[in-house]
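The chains referred to below are lettered A, B, ... by the order of the sequence lines, with proteins before strands, and numbering in each begins at 1.
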Protein chains: 2
Amino acid sequence: MKVTRKSDYGLRALCTLARQYNGDPVSIGQLSAEHKIPEPFLEKIMQELREHGLVEATHGRGGGYLLKKRPSHISLREIVHALDGPIALVTCLDPGLKCSIEEGCPTSPIWEIVNEKLEEYLASLTLSDVMSIQEREKVPS
Amino acid sequence: MKVTRKSDYGLRALCTLARQYNGDPVSIGQLSAEHKIPEPFLEKIMQELREHGLVEATHGRGGGYLLKKRPSHISLREIVHALDGPIALVTCLDPGLKCSIEEGCPTSPIWEIVNEKLEEYLASLTLSDVMSIQEREKVPS
DNA sequence: ATGAAGTCAGAGTATTTTACTCGGATTTTG
DNA sequence: CAAAATCCGAGTAAAATACTCTGACTTCAT
């Protein structure tokens, strides 16, 4: 319904995997330690990212996760959709509620427009963008 | 934190008041009946809109609410801010959480950018826009 | 072949946020 | 002064979010 911590945590983990692109798999343990995310929660998150084809996992010793696509080919929208589902800025936009279908609802048209703008914007940003913006912010001390 | 039903209900009520601009005050009873919003809840909402200077109330018999500004001078952003506070698309953007201040947080910079875009867009839309979009949608049957 | 390091899968729980109620006071008009 | 309205503060119910737990399965090194 909104962008929850799942998406935030997922994005953090994906940043690490992006740095490690073409390198060794990274385990849940490493990821959760680096970003201070509760292990079992992150486990769930990585599973969902895998089910949506964003990462791939290797089992057993030395295993972990790797990006399945280039960082520049993974959009924020994909990530958020994988973890929080399609954005419904307002409750009444939630798929499954009749509100948006009803004739003469004064507000759903405008919310749909705003919602669509947001989705478009998220679709225009990729994991590479996130990395470079992050780099720019880092003040070398 | 997100756009809740309060903002949606508030916007609906404001649409009615916009139609009634320069007319008689509209009571909670009328508004809640027209939009099927629980009366005591809408009461709270109208109070908050008044506290933020978007509407004015008159007491007693024949009383109710009126817009305090022209519909074209009331932005969606104002309405949402009055009822749900500043938008924090992601939990970590909530004012009061340190996350956004921490050095080296990989995600908060991007969320801030997206959040700002959304706020800007909401600021660009007014109550008049909402009315005309609604009008356009109405399919005369 | 076995045990350690890892993921997989599903159900279950705690916390927080949202949505809404209640009761009584206050103001205005007929 | 009574009826019609808003005002105000506290409190409750429902829903969504943010997690945990348990046990299985896979892979690899020794």
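- Counting to the nearest Å, the P atom of dT18(C) and the NZ atom of Lys2(B) are 7 Å from each other.
- Checking dC7(D), dA19(C), dT7(C) against every side-chain atom of Glu43(B), the shortest atom distance belongs to dC7(D).
- Following rounding to the nearest Å, Glu51(A) (CD) and dT7(C) (P) show an atom-to-atom distance of 15 Å.
- Taking atom NZ of Lys44(A) as the reference point, atom C1' of dA11(C) lies 8 Å away to the nearest angstrom.
- Between Asp84(A) atom CG and dA16(D) atom P the separation is 13 Å, expressed in whole Å.
- In this structure, Gly29(A) reaches neither bases nor backbone, as no heavy-atom distance under 4.0 Å exists between it and the strands shown.
- One can place CG of Leu49(A) at 15 Å from C1' of dC8(C), the figure rounded to the nearest angstrom.
- Residue Ile45(B) contributes atom CD1, which lies 14 Å from atom P of dC7(D) at whole-angstrom precision.
- Taking 4.0 angstrom as the limit, Thr4(A) places a side-chain polar atom (N or O) nearer than this to OP1 or OP2 of dA18(D).
- Heavy atoms of other residues, nucleotides or ligands lying less than 6.0 angstrom from CZ of Arg19(A) number more than 12.
- Between Thr91(B) and dA18(D) there is a side-chain polar atom (N or O) within less than 4.0 angstrom of OP1 or OP2.
- Within 4.0 Å of Pro38(A), counting heavy atoms only, lie sugar-phosphate atoms of the nucleic acid but no base atom.
- A close approach under 4.0 Å does occur between a side-chain nitrogen or oxygen of Arg5(A) and OP1 or OP2 of dC19(D).
- Dashed line: the shortest gap from a side-chain N or O of Arg50(A) to OP1 or OP2 of dA9(C) is under 4.0 Å.
- Atom CE in Met46(A) sits about 9 Å away from atom P in dC8(C), given to the nearest Å.
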*Might you work through the side-chain hydrogen bond (donor to acceptor under 3.5 Å, both in side chains) test for Thr16(A) and His35(A), ending with a clear yes or no?*
CA-CA 9 Å; Thr16(A) 298; His35(A) 299 290; 2.7 Å; yes
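- Each of His59(A) and Tyr9(A) was assigned the nucleotide of DNA chain D with the nearest heavy atom; the assignment lying further toward the 5' end belongs to Tyr9(A).
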